[in-house]
Amino acid sequence: MNYTELVVFILYLVVMLCTGVFFFRRSKGGEKDYFLGGREMGPWVSALSAGASDMSAWVLMGLPASIYAYGMGQTWIAVGLAAGYILSWIFVAPRLRRFSIASNDSITLPQYLTNRFLSKSKSLQVICAAIFLFAYAIYAAASIKACGTLFNTVLGIDANIAMYSAALIIVAYTFLGGFKAVCWTDFFQGMLMLGALMLAPIFALALVNSGIGGALGFPDNFWNFMSSGKSDWASWSDILSGIGWGLGYFGMPHIIIRFMAIRSQKEVKKSARIGITWNVLILFFAVLTAIAGRLYLGNISDSSLVFISMVRMIFPAVVSGVLLSAILAAAMSTADSQLLVSASAFTADVYKPVLRKNASEKEMFWSVRFVVIIIAIAAVVIAANPGSGTIMDLVGNAWGVFGAAFGPVILLSLFWKRFTFAGAVAGIVVGAVADVIWLAVPALSGTGLYEIVPGFIAGLIAAVAVTLAGKGPGKEVEALFDKSLALKD
């Protein structure tokens, strides 16, 4: 065990806890403040917290490992993610902020989708909350599992003990500070992730240029973007699946909720520039990490340790501890957002309107905190199960459900005036079910096509078909659409 790195990790976790305490003491109270930061988030915090909540530990471990092992044909995921992220900031962010305010100042995604259609039915909110609880337990499990892998690999600490500890810290600062604590911790963690991913490959390449390193070189077809790594040519499903990852951004609740929280409409464009730049740099340096790893490390048996190995070989323990904390940052910044969004959706969209209509504000806050704990426990149980799959598997499963269920519906709600409540319900249900069926049926999953692609298409078709088969949304709903477009701030 490297005790210097351990001390740095502990200090990092203490800082995260202190952030939660700080925002707990500054809290103004109220649902809007706890769930959405009072719509007071500046462009830098909004942009980097959106990015950090998106890029979990896979961007430091999974993506570089895949490219290191199989070559540049594995970068299609990065291409898809970059494209999807850019498009979501350009097309979704400006309208979603306007529409959520015009829709009775909605503070959660299910609330927005219900208020957007002036519906008194709570069915859509209940359906959304159920999907949130299911998918976010899986998604958070990936982040918690990454924490266990890091501590076990670097410090030799039992992976289960590390996972329990990381979950406790994440729950603590989410429990205390709410949305602001999550966003501000994500902001600092986003800066740390970018710094670590920039420094490691740059220093490694500089050392290689000085004659230091394994000089393994590159295998055949490494630079072929049309190679799958396992064969000379990538199949259509490999390329389409990689690009399909970008579809997830249109329906990822813990990311697009940041769009709703931006302080003013004028700052959306500034947030977009910051967020897009951060995202592209993160993905670029993740790819560069794999290339530098090939040149500097030589042949390593476990490609998932490319980043960790480079950092520990190049930098002294104090610096390596800080840089390796970026993996903690990536895992925690995703998990905290997922816990808060799923708990907020259940409390604001199911507990109060359906189960406890007269619930007090204090009761609401304790309810959301209780749900945070329950989801965290479920996530730890999943992560600790040896048969739960890899970190990338867990992320992919949850990402697919969200993208297929909510992506088409969010886009249609923002750009189609005639879209109806019934169409939204159909799109969400069919998208989620199609995604799960494609993953679960061997004959379908065996095609190699990522389930988000058929799920997204199925959800889109269902939403449009049900809408066109109905009578239309009504004049009041169409008037709300026009009002949302005209809203200045």
Q | Any side-chain heavy-atom pair of Tyr12 and Leu192 under 4.5 Å | A | yes
Q | For the student: nearest non-hydrogen atoms of Ala376 and Ile144, plus distance | A | O-CD1, 4.4 Å
**Q.** Check: Ser484 side chain, Leu480 main-chain N or O, donor-acceptor pair, under 3.5 Å
**A.** yes
Q) Are Leu439 and Val401 close enough, and set up right, to give a side-chain contact (heavy atoms from CB on, under 4.5 Å), and what steps lead you there? A) CA-CA 10 Å; Leu439 176 65; Val401 170; over 6 Å; no
Q | Inter-residue atom distance Leu412.CG - Phe250.CZ, 0.5 Å rounding | A | 12.0 Å
Q: Can you see which heavy atom on Leu394 is nearest to which on Ala141, and at what distance?
A: CD1-C, 4.1 Å
Q.
Quick check: do Ser103 and Ser106 have side-chain heavy atoms less than 4.5 Å from each other?
A. yes
Q. Judged by atom type as modelled, is there a donor-acceptor pair below 3.5 Å linking the side chain of Thr75 to the main-chain atoms of Ala78?
A. no
**Q.** Test item: Ile410 and Leu109 side chains (from C-beta on) under 4.5 Å apart, heavy atoms
**A.** yes
Q | Interatomic spacing from CH2 in Trp278 to OG in Ser49 - rounded to 0.5 Å | A | 10.0 Å
Q: Indicate yes or no: at least one non-hydrogen side-chain atom of Val371 is less than 4.5 angstrom from one of Ile375.
A: yes
Q) Distance-only, no hydrogens or angles: does the Arg258 side chain make a donor-acceptor pair with backbone N or O of His254 under 3.5 Å? A) yes
Q.
Using every non-hydrogen atom in the two residues, find where Val45 and Phe187 come nearest and quote the distance to one decimal.
A. CA-CD1, 4.0 Å
Q) Arg97 side chain to Phe259 main-chain N or O, any donor-acceptor pair under 3.5 Å? A) no
Q: Measure across Pro64 and Ala286 and return the closest heavy-atom pair with its distance rounded to 0.1 Å.
A: CG-O, 3.6 Å
Q: Could you walk me through whether Phe99 and Leu487 pass the side-chain contact (heavy atoms from CB on, under 4.5 Å) test, one step at a time?
A: CA-CA 8 Å; Phe99 277 54; Leu487 192 66; over 6 Å; no
Q) Sub-3.5 Å donor-acceptor pair from the side chain of Asp158 to the main-chain atoms of Asn160, do we have one? A) yes
Q.
Is it true that Tyr112 and Ser413 share a donor-acceptor pair across their side chains at a distance under 3.5 Å?
A. yes
**Q.** Ring geometry between Phe132 and Phe402 (parallel below 30°, tilted from 30 to 60°, perpendicular above 60°)
**A.** perpendicular
**Q.** Qualifying residue, where the test is ring pair (Phe, Tyr, Trp, His ring centres under 6.0 Å) with Trp399 and the options are Tyr450, Tyr136, Tyr249
**A.** Tyr249
Q) Quick one: do the Gln74 and Ser66 side chains pair a donor with an acceptor below 3.5 Å? A) yes
**Q.** Nearest-0.5 Å distance, CD1 of residue Ile282 to CG of residue Leu81
**A.** 12.0 Å
Q. Should we count CZ of Phe415 as having more than 12 external heavy atoms under 6.0 Å?
A. yes
Q. Going by heavy atoms in the side chains, are Val8 and Ser325 under 4.5 Å from each other?
A. yes
Q) Is the side chain of Asn152 donor-acceptor paired with the backbone N or O of Ile157 at a distance under 3.5 Å, no angle test? A) yes
Q: Using the side-chain contact (heavy atoms from CB on, under 4.5 Å) rule, take Ile256 and Phe406 through it: C-alpha gap first, then chi angles, then the decisive distance, then the call.
A: CA-CA 11 Å; Ile256 61 178; Phe406 298 109; over 6 Å; no
Q) Do Leu283 and Tyr85 touch side chain to side chain, with heavy atoms closer than 4.5 Å? A) no
(Q) Give me the atom names and distance for the closest heavy-atom approach of Gly248 to Ile452. (A) N-CD1, 3.6 Å
Q. Say you draw a straight line from NZ of Lys269 to CD of Gln265; how long is it, rounded to the nearest 0.5 Å?
A. 9.5 Å
Q: For residues Thr114 and Gln125, report the shortest heavy-atom separation together with the two atoms involved.
A: OG1-CG, 3.1 Å
Q: Establish, yes or no, whether a centroid distance under 6.0 Å links the rings of Phe481 and Trp416.
A: no
Q. Judged by modelled atom types alone, do Lys145 and Ser388 share a side-chain donor-acceptor pair under 3.5 Å?
A. yes
Q. Between Ser123 and Ser121, do the side chains contain an N or O donor and an N or O acceptor separated by less than 3.5 Å?
A. yes
Q. Has the side chain of Thr108 got a donor or acceptor atom that lies under 3.5 Å from a matching backbone atom of Gln111?
A. yes
Q.
Run Leu124 and Phe421 through side-chain contact (heavy atoms from CB on, under 4.5 Å) and show every step you take.
A. CA-CA 8 Å; Leu124 192 148; Phe421 180 82; 3.7 Å; yes
Q: Report yes or no: does Asn279 contribute a side-chain atom to a donor-acceptor pair with the main-chain N or O of Gly275 at less than 3.5 Å?
A: no
Q | Spacing of Leu96 atom CG and Ile262 atom CD1 [to the nearest 0.5 Å] | A | 9.5 Å
Q. Does any non-hydrogen side-chain atom of Glu451 lie less than 4.5 Å from one of Ile437?
A. no
**Q.** Separation between CH2 of Trp89 and CD1 of Ile274, rounded to the nearest 0.5 Å
**A.** 8.5 Å
